[in-house]
Amino acid sequence: MKIGYPCINRSVQCSGSKTFRLASYSEARLKETVANNLSCLERIISYNAERGILFFRVSSDIVPFASHPVCVFGWQGHFRGGLERIGARIRAHRMRISMHPDQFTLINSHDEEIYDRSVRELRYHCELLDLCGLDRTAKVQIHVGGVYGDKPASMDRFVRRYARLGDAVRRRLVIENDDRLYTVSDCLELHARTGVPVLLDVFHREINPDGLSLKESFKKTAATWLKRDGLPMVDYSSQLKGARPGSHAVALDPRRFKKFLADSRPADFDLMLEIKDKEKSALRAIRIAAGDPRLRAFKKGLTKSCRASSMS
DNA sequence: GGCAGTCAAGTACGC
DNA sequence: GCGTACTTGACTGCC
């Protein structure tokens with residue numbers, strides 16, 4: 001088990017997801033922003049590595065407007081060196097990386113143009129991970145998409161559209177159960193029809209249940225990840241008190257998290273904490289999980305002998 | 001410098 | 001049909 005947080009680190013004095021308005025777009029602005037974002041990402045990776053935070057979600061905003069027609073600049077070549085350097089650092093620390101395009105990425109949309117835009121967005125995410133030299137265990141997670149008043153038809157459309165995605169996208173793409181539309185069971189059905197791995201979001205599962213117990217959900221989603229995909233990824237959060245259902249908590253609730261660790265045994269997975277105070281909660285979670293054999297087993301993996309054996 | 005409105009993109013839902 | 005939430009930050013123009 002590796003534990004991590006998404007996109008933003010509030011302790012490092014920089015942002016790796018700086019962007020700008022479309023109206024301000026220029027090649028100079030893009031170069032300047034991407035250079036800043038990569039430099040900051042490198043600092044965040046170092047921060048995480050020094051503290052044992054070995055799972056991180058890279059922001060989609062590293063290259064603003066990368067999939068937009070306005071962007072004709074060859075950022076891939078221009079920033080190749082920087083991306084390779086960051087990738088080498090990630091690999092050296094055996095970190096797990098994910099990315100999560102936002103809700104506008106919909107491969108089951110009725111609208112062919114929305115599908116095309118979504119494919120461009122997915123290609124951008126995968127290309128970034130490819131340029132970092134990360135293997136297929138670095139995943140790009142999306143939700144299934146819209147229901148459009150007819151869930152079976154929308155799931156059929158997902159299956160057909162998934163088959164049209166290129167290998168470069170399919171090798172990284174995973175789907176996640178969401179808080180309103182598609183349950184864990186829906187995602188499992190899509191896995192059965194496409195082979196796409198299912199990322200379990202335990203908080204969304206609570207809000208949008210389907211009758212499967214937590215243990216069954218762990219077991220069935222874990223079975224959708226092949227060895228080449230790496231350990232299953234799991235998203236974790238808890239309800240922000242007093243807010244509408246689905247709002248993420250500001251800070252980790254230690255008691256609740258301890259119970260989650262106990263309830264999730266013996267499943268092993270990499271855990272993304274979707275909690276608003278980001279790295280603070282990740283550090284707290286790592287301290288709480290310190291006695292958990294799943295985390296301890298990973299620490300052993302850092303020793304030279306284990307590293308050598310894992311490469312064999 | 002501080003503030004508030006607004007930001008590429010889509011869908012679902014409440015009014 | 002319109003406004004809002006989504007996850008939320010931070011860009012941007014205005015004072």
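Just so we're on the same page: letters track the sequence lines, and every chain starts at 1. Everything numeric here is computed off the predicted structure, so don't read it as measured data.
What separates CZ of A/Arg21 from P of C/dG13 is a distance of 8 Å, to the nearest Å. Across the protein-nucleic acid pair, A/Asp61 atom CG and C/dA10 atom P stand 10 Å apart, rounded to whole Å. The CG-C1' distance, from A/Leu181 to B/dT11, rounds to 8 Å in whole Å. Atom CZ of A/Arg120 and atom P of B/dA8 are 16 Å apart (whole Å). Atom P of nucleotide B/dA9 and atom CG of A/Asp102 are separated by 11 Å, given to the nearest angstrom. In this structure, A/Lys18 places its NZ atom 10 Å from C1' of C/dG9, rounding to the nearest Å. As rounded to whole Å, 5 Å separates atom C1' of C/dC6 from atom CD of A/Gln103. Taking atom CG on A/Asp179 and atom P on B/dA12, their separation rounds to 13 Å, with Å as the unit.
Nearest to the side-chain atoms of A/Leu106 among the listed nucleotides C/dG9, C/dT12, B/dG10 stands B/dG10. Side-chain atoms of A/Arg117 lie closest to B/dG10 of the nucleotides B/dG10, B/dA12, B/dA8. For A/Ser24, taking side-chain heavy atoms from C-beta onward, the closest of the listed nucleotides B/dA12, B/dG10, C/dT12 is C/dT12.
Contact between the side-chain N/O atoms of A/Arg29 and the OP1/OP2 oxygens of C/dT12 is found at a separation under 4.0 Å. OP1 or OP2 of C/dC11 has not a single side-chain nitrogen or oxygen of A/Thr19 nearer than 4.0 Å. Residue A/Lys276 places none of its side-chain N or O atoms closer than 4.0 Å to OP1 or OP2 of C/dT7. Look at A/Ser15 and you'll find a side-chain N or O under 4.0 angstrom from OP1 or OP2 of C/dA10.
For the atom pair OG (A/Ser15) and CZ (A/Arg10), the distance works out to 10.0 Å, reported to the nearest 0.5 Å.
Across all strands, A/Phe65 comes closer than 4.0 Å to base atoms (heavy-atom distances). Here A/Ser17 lies out of heavy-atom contact (under 4.0 Å) with every strand. Within 4.0 Å (heavy atoms only), A/Arg10 reaches sugar-phosphate atoms of the nucleic acid but no base atom. Residue A/Val147 is classed as a sugar-phosphate contact, given heavy-atom separations below 4.0 Å to backbone atoms only.
Annotation: cation-pi pair A/Arg284/A/Phe257 absent, no NZ/CZ under 6.0 Å from the ring centroid and within 45° of its normal. In this structure, A/Lys2 is not positioned above the aromatic face of A/Phe56 in the sense of NZ or CZ being under 6.0 Å from the six-membered ring centre and within 45° of the axis.
Figure legend. C/dA5 is base-paired to B/dT11; pairs are counted as Watson-Crick or G-U wobble with both atom distances under 3.5 Å. Nucleotide C/dA10: paired with B/dT6 (Watson-Crick or G-U wobble, both distances less than 3.5 Å).
Using P as the reference atom, C/dT7 and B/dT6 are 23 Å apart when rounded to the nearest Å. The same atom, P, is picked in B/dA8 and in C/dC11; the two are 13 Å apart, to the nearest Å. When the P atom is used for both C/dG9 and B/dG10, the distance is 23 Å, rounded to whole Å. Taking atom P in both C/dT4 and B/dG5, the straight-line distance is 11 Å, to the nearest Å.
For the pair A/Phe104 and B/dA9, the ring geometry qualifies as stacking, because the centroid separation is below 5.5 Å while the planes lie within an angle under 30°.
Within the 3.5 Å criterion, the main-chain N or O of A/Gly146 finds a donor-acceptor partner in the side chain of A/Asn108.
Using a 30° and 60° split on the angle between ring planes, A/Phe20 and A/Tyr25 fall in the tilted class, from 30° to 60°.
Remark: A/Lys220 NZ is loosely packed, at most 12 non-hydrogen atoms of other residues, nucleotides or ligands lying under 6.0 Å away.
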